[in-house]
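Structure first, then comments.
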Amino acid sequence: MPELPEVETIRATLSEHLVGRTILKVDVFYDKIVHGMTPAEFCARLAGQTVRSMGRYGKYLFFQFDAITLVSHLRMEGKYFLKPETEPREKHEHVIFTLVDHDTLRYHDTRKFGTMEIVPRGEERQAAGLRAMGPEPFDPGFDGKYLSGRAGKSRRAVKSWLLDQTVVSGLGNIYVNEVLFLSGLHPETRVCDLKKKDFARLAEASRAVLQKAVDLGGTTIRTYYSSLGVTGRFQNELNVHDRKGLPCPVCGTPVEKIQVGGRGSYYCPRCQRKKG
DNA sequence: AAGGGTGTTGAAAG
DNA sequence: GCTTTCAACACCCT
């Protein structure tokens with residue numbers, strides 16, 4: 001469940017349940033999840049550690065201990081569940097953290113794309129993938145001027161450009177589709193064809209969409225059940241994403257779907273005309 | 001019923 | 001360099 005609002009919802013929920021609790025042992029059932037060290041060392045480093053806080057940057061989730069941080073990326077389908085130790089391990093539970101009270105935190109990832117890495121606390125930005133991350137839409141300084149500066153003379157499609165986490169952190173396919181709708185921009189518009197006003201709209205729409213989604217607990221598209229009760233409500237607010245053929249909420253024109261950079265892109269052909 | 005698509009990202013190829 | 005494509009993997013729809 002990976003865009004910024006979903007990760008933030010997970011961070012907040014796990015924070016309520018995990019802060020102050022201590023890990024007894026960790027078992028890894030799919031080695032490639034663990035990066036930067038062997039699974040054996042990964043488990044050894046975490047045993048005995050007490051969760052002090054939960055953090056997040058972009059789509060990366062942080063479990064913060066006294067001197068180390070576990071950086072977790074959920075990629076396409078990673079989920080966390082809290083359940084009693086007595087429950088049998090499910091097929092796609094690849095990492096199980098057993099707490100000293102014999103509850104377990106389980107990392108479930110059908111497609112096995114997710115990653116985990118341990119870094120010194122305070123150096124989260126040194127984790128692989130986090131080094132080059134751009135600002136979040138909520139960061140001070142994220143505005144039309146910043147985006148305009150980053151754009152340079154790029155001829156990339158604005159849709160692909162906004163998915164680039166070095167430009168802006170936290171947007172994924174769902175929210176980029178929504179941001180472009182609110183900005184009135186066709187997903188294939190080239191970045192070099194955007195005007196000052198377009199960049200300002202993109203910055204504002206990015207903030208607005210992510211903030212509203214965070215407030216509503218994110219978006220739940222696929223069937224999702226959780227012992228933590230993590231079910232988003234933003235799916236009721238989607239204007240275009242996954243709404244091919246359904247009427248645009250503004251003008252009623254059927255929403256169209258095309259591929260841009262290999263990703264499904266939904267837009268209103270009337271409200272989002274291509275320029276340039 | 002095989003093939004395309006899926007809330008992602010980084011390596012490889014152009 | 002910069003940009004696009006594809007692979008990592010499993011499952012669900014046509």
Side-chain angles (χ1 to χ4, degrees), chain A residues 1-11 29-36 56-61 71-80 90-95 107-117 127-134 150-180 187-192 206 209-210 212-214 216-226 230-245 257-266:
Chain A
M1 338 180 39
E3 301 181 49
L4 185 153
E6 291 74 37
V7 179
E8 173 57 22
T9 301
I10 293 167
R11 185 206 63 74
F29 300 92
Y30 183 71
D31 289 355
K32 290 167 72 176
I33 299 266
V34 177
H35 287 224
R56 180 192 60 71
Y57 194 79
K59 307 175 190 176
Y60 289 80
L61 180 66
V71 178
S72 169
H73 195 299
L74 280 32
R75 292 292 180 97
M76 294 292 272
E77 304 200 22
K79 302 173 180 70
Y80 280 100
E90 289 186 22
K91 185 177 177 184
H92 298 299
E93 289 174 350
H94 305 307
V95 182
Y107 178 67
H108 182 289
D109 189 346
T110 309
R111 295 176 71 183
K112 302 178 177 168
F113 286 171
T115 62
M116 294 186 191
E117 180 174 357
L130 273 161
R131 278 165 249 220
M133 294 271 283
R150 283 301 305 259
K153 293 181 166 46
S154 173
R155 291 176 53 78
R156 296 174 73 183
V158 63
K159 170 82 191 306
S160 307
W161 186 64
L162 289 175
L163 286 173
D164 181 343
Q165 304 294 297
T166 70
V167 173
V168 48
S169 297
L171 292 176
N173 206 35
I174 293 181
Y175 298 114
V176 166
N177 282 326
E178 295 300 311
V179 165
L180 291 175
E188 288 178 315
T189 307
R190 298 195 181 272
V191 169
C192 57
S206 298
V209 166
L210 290 188
K212 188 168 183 184
V214 167
L216 293 177
T219 302
T220 302
I221 285 191
R222 306 171 69 102
T223 306
Y224 182 72
Y225 55 92
S226 162
V230 180
T231 303
R233 299 185 303 286
F234 191 80
Q235 61 272 19
N236 305 316
E237 309 294 320
L238 295 174
N239 290 301
V240 290
H241 187 270
D242 203 22
R243 295 179 57 80
K244 179 182 175 183
K257 180 187 183 186
I258 58 174
Q259 296 290 125
V260 179
R263 310 294 306 278
S265 305
Y266 302 84

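The shown structure was predicted, so the numbers you read here are calculated from the model rather than taken from an experiment.
Between the side chains of A:Tyr175 and A:Ser206, no donor-acceptor pair is found at a separation under 3.5 Å.
At whole-Å resolution of the value, CG in A:Asp242 and P in B:dG5 are 14 Å apart. For the pair A:Ile33 CD1 and B:dT8 P, the computed distance is 17 Å after rounding to whole Å. Note: CE (A:Met76) to P (B:dT8) measures 6 Å, nearest angstrom. Rounding to whole angstrom units, CZ of residue A:Arg155 and P of C:dT3 are separated by 10 Å. Going from atom CZ of A:Phe113 over to atom C1' of C:dC9 covers 4 Å, rounded to whole Å. Straight-line distance from the CG atom of A:Leu163 to the C1' atom of B:dG10: 15 Å, rounded to whole Å. The interatomic distance linking A:Asp109 (CG) with C:dA8 (P) rounds to 16 Å, in whole Å. Atom NZ in A:Lys159 sits roughly 17 Å away from atom P in C:dT3 (whole-Å rounding).
Dashed line: the shortest gap from a side-chain N or O of A:His73 to OP1 or OP2 of B:dT9 is under 4.0 Å. Here A:Arg263 does not reach the OP1 or OP2 of B:dG5: none of its side-chain N or O atoms lies under 4.0 Å away. At least one side-chain nitrogen or oxygen of A:His92 sits closer than 4.0 Å to the OP1 or OP2 atom of C:dC11. Close to B:dT8, at under 4.0 Å from its OP1 or OP2, lies a side-chain N or O of A:Lys59. Proximity of A:Gln165 to the phosphate of B:dT8: no side-chain N or O atom is located under 4.0 Å from OP1 or OP2. For the OP1/OP2 pair of C:dC11 and a distance below 4.0 Å, the side-chain nitrogens and oxygens of A:Lys91 include at least one atom meeting the criterion.
The pair A:Lys212-A:Glu237 meets the salt-bridge criterion, with a side-chain N (NZ, NE, NH1 or NH2) lying under 4.0 Å from an Asp/Glu carboxylate O. Salt-bridge annotation for A:Asp164 and A:Arg156: present, with a side-chain N of the basic residue lying under 4.0 Å from a carboxylate O of the acidic one.
Residue-level contact check: A:Gly218 touches neither bases nor backbone, having no heavy atom under 4.0 Å from any strand. Contact annotation for A:Tyr30: backbone-only contact, meaning every heavy-atom pair under 4.0 Å involves sugar-phosphate atoms and none involves a base. Within the nucleic acid shown, A:Ser154 comes within 4.0 Å of sugar-phosphate atoms alone, with no base atom in reach, counting heavy atoms only. Contact annotation for A:Lys153: no contact, since no heavy-atom pair falls under 4.0 Å across all strands. Across all strands shown, A:Gly114 has no heavy atoms under 4.0 Å from either base or sugar-phosphate atoms.
If you take atom C1' in C:dC6 and the same atom in B:dG5, they sit 15 Å apart, rounded to whole Å. Spacing of P atoms, C:dC9 relative to B:dA12, comes out at 15 Å, to the nearest Å. Taking atom C1' in both B:dG4 and C:dA7, one finds a spacing of 16 Å when rounded to whole Å.
Under the 30°/60° scheme for interplanar angles, the aromatic rings of A:His92 and A:His108 are found to stand perpendicular.
Residue A:Val260 comes nearest to A:Ala157 through the heavy atom pair CG1-CB, 3.8 Å, listed as atom of the first residue, atom of the second, then distance.
Residue A:Arg156 places its side chain closer to C:dT4 than to any other of C:dT4, B:dT6, B:dT8.
Judged purely by atom type and a 3.5 angstrom limit, A:Gln165 uses its side chain to pair as donor or acceptor with the backbone of A:Gly170.
Between A:Gly129 and A:Lys257, the residue anchored closer to the 5' end of DNA chain B is A:Lys257, taking for each the nucleotide with the nearest heavy atom.
Pair assignment for B:dT9 gives C:dA7, based on Watson-Crick or G-U wobble hydrogen-bonding distances that are each under 3.5 Å.
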